[in-house]
Protein chains: 2
Amino acid sequence: MKGCETANSPDRGRTVISRALAILGTFTTDRPQLTLAQICRQTGLRHATAHRIVGELAAWGALERKPGGAYVVGLRLWELGALNPRALPLRVLAMPVMEDLHAATRQHVQLAVLQGTDALVVERISTAHAVPIVSQVGGRVPLHASAVGKILLAHGDETLLDTIVGKRLSRFTPATITDPGELRVTLAECRRTGVAIVREEMSRGTYSVATRITDSKDRVVAALSVIGADPATQRLIPAVVVAGRSISRDLRSAR
Amino acid sequence: MKGCETANSPDRGRTVISRALAILGTFTTDRPQLTLAQICRQTGLRHATAHRIVGELAAWGALERKPGGAYVVGLRLWELGALNPRALPLRVLAMPVMEDLHAATRQHVQLAVLQGTDALVVERISTAHAVPIVSQVGGRVPLHASAVGKILLAHGDETLLDTIVGKRLSRFTPATITDPGELRVTLAECRRTGVAIVREEMSRGTYSVATRITDSKDRVVAALSVIGADPATQRLIPAVVVAGRSISRDLRSAR
DNA sequence: GCGCCATGTCCGGTGAATGGACATCCGGTG
DNA sequence: CACCGGATGTCCATTCACCGGACATGGCGC
């Protein structure tokens, strides 16, 4: 490999594929549907170009056109995404255990994996009467302020931690850890105990505990958490750990 | 110059995007991971071309490289696919009701939407002790031999039915409907009653009933089914209908 | 009517994509 | 160990698909 890491950042992509991917990248949870004009503005592409690319993507099923004329991500992409081993296959294994954990605790149960510099929520079981929480399936939560995030960060690459710290630890509540040193101590604790505890660090009135999920080679591939409304949520640590190890075991025997 | 069409591909897509999509399209539930060489064989692309495109897709996160060298669909695509309104958002609304239906019946519960000429299973709740079934989340089931499929087909475009009938109705069991006329009668019945009943038409020993899920404009957007092990599964029709209407109502108020 | 904006279509110049050739790395085999 | 077949990775001159300015269409409000 040559020193060719200057590929993407300087300007917007020159290759057709990068443009197509840029178009796909404009779709987010906040903006799940876009018109052609919006896509043009977002990507900076000429409308003729965007029109052609979007047309091709839509013809294949990567995008779909709604009656109004707006585009949404196509079902075909969902189908494709379902093949990712850390998403749906993991979920299929984890779901029964998550149900058990939910039944035993009556609290939100979350499953997340590492995606870039965030934790991606792959599955969640909620109760209508439990604490309202912001996260959603398919959404992201910060690594330094969530229980699942801390687990993933603690077992992640050293450079990942540097990246996270490097772009400053954003504050959500007074309890959010924003000091790099303090974060490192906390993460070391996570590695030692295998458990992460978060007390109102992401939003007031929510407490959560998380544990790791490992694959057959003992690599941490996901994190499992329970989210409650009071500090006593800590008492659920044993339940979470049991569930986490159960999923890890299923994962081991499955592959 | 042009004399290089060689053997396999008469006139494959010549645009870059179509090639990239062709590469993505080679990933299926049967072949969730592929090496570069396999991708080349599948798509008929030169390895230099595939190498470059795959590299670009992987850099963006549409594909991921496993330790062994094989590629899998990237988590970023799952994240994108989660934005499709007929996939995850629908699922979020349907899930609580599906749980209820599952609790009340102790049978498999399935949610499917129309994708091309198949029914795509978007969500499923299973029990370890229930009938083993072939379908899986992210997988497809035939429109003419499954309960969810019949519902979707009955309310689909007229041309869709022509297409399905046109490429012959494949037989899975002696009970599978393979006669176009008989199928049309069955579908008319589905439209009239709002319920589809399937008795061992897809696999022996499985019986299922399905109902439709409609959006705020009364368009059928999905189908909900319960799958049991004996003909008495029909007694669950009222439960399925109630659940289906409940989801439809939630769908109406949500958007 | 008229302007405004979004979408859709066309065509000539040109630079990104192609694919043949070469290089490297690995596991199997005589 | 030398050899081989197959897979991955890299390079570069040729050329053809892509780009984007320009024009056409269609809806909406004034």
Side-chain angles (χ1 to χ4, degrees), chain A residues 1-27 31-60 62-74, chain B residues 1-27 31-60 62-74:
Chain A
M1 301 180 188
K2 298 290 192 64
C4 57
E5 63 278 0
T6 59
N8 43 13
S9 49
D11 54 355
R12 59 180 179 280
R14 306 208 155 305
T15 75
V16 192
I17 292 181
S18 71
R19 290 169 206 253
L21 293 174
I23 288 176
L24 291 180
T26 57
F27 291 86
R31 284 183 270 96
Q33 61 174 296
L34 299 166
T35 67
L36 189 55
Q38 288 175 312
I39 292 173
C40 290
R41 278 191 293 271
Q42 283 286 323
T43 58
L45 294 175
R46 302 272 168 257
H47 77 276
T49 304
H51 180 260
R52 182 175 44 80
I53 296 177
V54 162
E56 245 181 306
L57 292 174
W60 187 80
L63 293 180
E64 284 170 18
R65 184 131 204 214
K66 302 203 83 177
Y71 290 92
V72 294
V73 173
Chain B
M1 33 179 68
K2 269 307 188 61
C4 57
E5 306 93 14
T6 55
N8 41 19
S9 60
D11 195 11
R12 194 181 305 279
R14 4 175 168 22
T15 76
V16 192
I17 293 181
S18 71
R19 289 169 208 254
L21 292 174
I23 288 176
L24 291 180
T26 56
F27 291 86
R31 283 183 271 97
Q33 61 174 297
L34 299 167
T35 66
L36 188 57
Q38 287 175 312
I39 293 173
C40 290
R41 276 191 294 271
Q42 284 288 321
T43 59
L45 294 175
R46 302 271 170 260
H47 77 275
T49 302
H51 179 259
R52 184 174 43 80
I53 296 177
V54 161
E56 247 180 304
L57 292 174
W60 187 80
L63 294 180
E64 285 170 17
R65 185 134 205 212
K66 303 202 82 176
Y71 290 91
V72 295
V73 173

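What you see below is based on every heavy atom in this structure, not just the backbone, and it leaves out hydrogens, waters and symmetry mates. Since we're looking at a predicted model, the values are computed, not measured. Below, chain A is the first sequence line, B the second, and so on; all start at residue 1.
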Inset, instruction - Map every base of DNA chain D to its dot-bracket character, where paired means a Watson-Crick or G-U wobble contact with both distances under 3.5 Å and | marks a partner outside the strand. - result: ||||||||||||||||||||||||||||||
Legend entry - Taking every non-hydrogen atom, the tightest pair across B:Leu45 and B:Ala50: CB-CB, 4.3 Å
Legend entry - Euclidean distance, atom CD of residue B:Gln42 to atom P of D:dA7 [Å, nearest integer]: 13 Å
Inset, instruction - Mind listing the closest non-hydrogen atom pair of A:Leu57 and A:Ala20 along with its distance? - result: CD1-O, 4.2 Å
Legend entry - Proximity to the side chain of A:Arg19 - top-ranked nucleotide from D:dG9, D:dA7, D:dG20: D:dG20
Inset, instruction - For A:Thr43 and A:Ile39, indicate whether the former's side chain and the latter's backbone hold a donor-acceptor pair under 3.5 Å. - result: yes
Legend entry - Main-chain N/O of A:Thr26 paired with A:Arg31 side-chain donor or acceptor, under 3.5 Å: yes
Legend entry - Distance in angstrom units between B:Ile39 CD1 and D:dA7 P, rounded: 13 Å
Inset, instruction - Whole angstrom is fine here: how far is it from NZ in B:Lys66 over to C1' in D:dT8? - result: 19 Å
Inset, instruction - Round to the nearest Å and state the distance from A:Tyr71 atom OH to C:dA6 atom P. - result: 14 Å
Legend entry - Interatomic distance where CZ belongs to A:Arg14 and C1' belongs to C:dT14 [whole Å]: 13 Å
Inset, instruction - Would you mind telling me which residue lines up with the more 5' stretch of DNA chain C, A:Ile17 or A:Gly69, judged by nearest nucleotide? - result: A:Gly69
Inset, instruction - Kindly point out which of C:dT7, C:dA17, D:dG9 is positioned nearest to the side chain of A:Val16? - result: C:dA17
Inset, instruction - With sequence neighbours left out, write down each residue that passes side chain to side chain contact (heavy atoms under 4.5 Å, CB included) with A:Ala70, or none if nothing qualifies. - result: A:Gln33, A:Thr35
Inset, instruction - Using heavy atoms to find the nearest nucleotide of DNA chain C for B:Ile53 and A:Arg65 separately, return the residue whose nucleotide is more 5′. - result: A:Arg65
Inset, instruction - Taking salt bridge (Lys or Arg N to Asp or Glu O under 4.0 Å) as the test, write out the residues that go with B:Glu56, two or more places apart. - result: none
Legend entry - B:Glu64/B:Val73 under side chain to side chain contact (heavy atoms under 4.5 Å, CB included): CA gap, chis, key distance, verdict: CA-CA 6 Å; B:Glu64 285 170 17; B:Val73 173; over 6 Å; no
Inset, instruction - With sequence neighbours excluded, tell me which residues meet side chain to side chain contact (heavy atoms under 4.5 Å, CB included) with A:Arg65. - result: A:Tyr71
Inset, instruction - From the options C:dG8, D:dA7, D:dT10, select the nucleotide whose nearest atom is closest to the side chain of B:His51. - result: D:dT10
Legend entry - Derivation and outcome, side chain to side chain contact (heavy atoms under 4.5 Å, CB included), residues A:Val72 and A:Leu34: CA-CA 7 Å; A:Val72 294; A:Leu34 299 166; over 6 Å; no
Grab the N/O contacts between the protein and nucleotides 21-30 of chain D below 3.5 Å, and write none if there aren't any.
unit_1, atom_1, unit_2, atom_2, d
D:dG21, OP2, A:Arg46, NE, 3.2

Inset, instruction - Specify the separation, in whole Å, of atom CD of B:Gln38 and atom P of D:dA7. - result: 9 Å
Inset, instruction - Kindly say if A:Thr49 contacts the phosphate of D:dG20, meaning a side-chain N or O under 4.0 Å from OP1 or OP2. - result: yes
Legend entry - Value in whole Å for how far the C1' atom of C:dA17 lies from CG of B:Leu57: 15 Å
Legend entry - Value in whole Å for how far the C1' atom of D:dG6 lies from CG of B:Leu34: 17 Å
